[in-house]
Structure formats: structure tokens, C-alpha cells
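Just so you know, residue 1 is the first one in the sequence shown, and it goes up from there.
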Amino acid sequence: MSEFLSPQELHDLTGYARPAELTGWLKDHAIPHQRDGKRVIVSRVHARDWLEGREAVASNAPNIGALRA
């Protein structure tokens, strides 16, 4: 199984196939994603987090808040 959702899986999740509509839906639902030309890339982990009601974190920056004890 791939790290990323397939185009069919993205369509199943969002109901859209066109990149502009896909990215709009993903933004509205706060699911991190990237566009590479016409391709929309979504991590399977981020989709699963959204489905489970967890907030997906798209940043690679360190979580400074976690350093406070």
C-alpha cells in the first residue's frame, strides 16, 4: 500500500476528480495536501487522522509548545 492516496481514493473521499475542486475540498476540511502540477498528493496518514477526528499537522517545524514542561 502506498503512502499516498490514489486518484481513485481521492475521488472516493472528496467526490471530486479535478485538481481545483479536490484542493478546495481538502482545504475546507483542513486535510494537508500538496499539488504537483495537476496531481494532488495526500498522505494516507492525514486522511486517516481526519476520518478519526484528529487534527492533521502539515508542518515539519518543531513543536515549541511541546518543550514546555
Report the hydrophobic cluster partners of Phe4, with the cluster defined as I, L, V, M, F, W, Y residues connected by side-chain heavy atoms closer than 4.5 angstrom, directly or transitively.
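In the cluster with Phe4 are Ile41.
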Sequence neighbours excluded - side chain to side chain donor-acceptor pair (under 3.5 Å) pairs with any residue from residues 4-17
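Listed once each, the pairs are Ser6-Glu9, Gln8-Asp12, Glu9-Arg44.
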Considering residues at least two apart in sequence or located in another chain, which fulfil the salt bridge (charged side-chain N to carboxylate O under 4.0 Å, His left out) criterion with Glu3?
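For Glu3, no residue satisfies salt bridge (charged side-chain N to carboxylate O under 4.0 Å, His left out) once neighbours in sequence are set aside.
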What pairs with Arg35 under side-chain hydrogen bond (donor to acceptor under 3.5 Å, both in side chains), at least two apart in sequence or on another chain?
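In terms of side-chain hydrogen bond (donor to acceptor under 3.5 Å, both in side chains), with neighbours along the sequence ignored, Arg35 is linked to no residue.
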Same cluster (ILVMFWY, side-chain, under 4.5 Å), Leu51 and Val45:
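Looking at the clustering, Val45 is in a separate group from Leu51.
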Distance (rounded to the nearest 0.5 Å) between Leu10 CG and Arg39 CZ
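With rounding to 0.5 Å, CG (Leu10) is 11.0 Å from CZ (Arg39).
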Approximate separation, where rounding is to 0.5 Å, of Arg48 CZ and Arg54 CZ:
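Arg48 CZ to Arg54 CZ: 9.0 Å, rounded to 0.5 Å.
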Let me have the donor-acceptor pairs involving side chains of residues 22-31, under 3.5 Å, with sequence neighbours excluded, atom names and distances please.
| residue | atom | partner | partner atom | Å |
| --- | --- | --- | --- | --- |
| Thr23 | OG1 | Pro19 | O | 3.1 |
| Thr23 | OG1 | Ala20 | O | 3.1 |
| His29 | ND1 | Trp25 | O | 2.8 |

Test: salt bridge (Lys or Arg N to Asp or Glu O under 4.0 Å). Region: residues 13-26. Which pairs qualify, not counting sequence neighbours?
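For residues 13-26: Arg18-Glu21.
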Do you know which two heavy atoms are closest between Pro32 and Val42, and how far apart they sit?
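Scanning both residues completely, I find the closest heavy atoms to be O-CG1, 4.0 Å.
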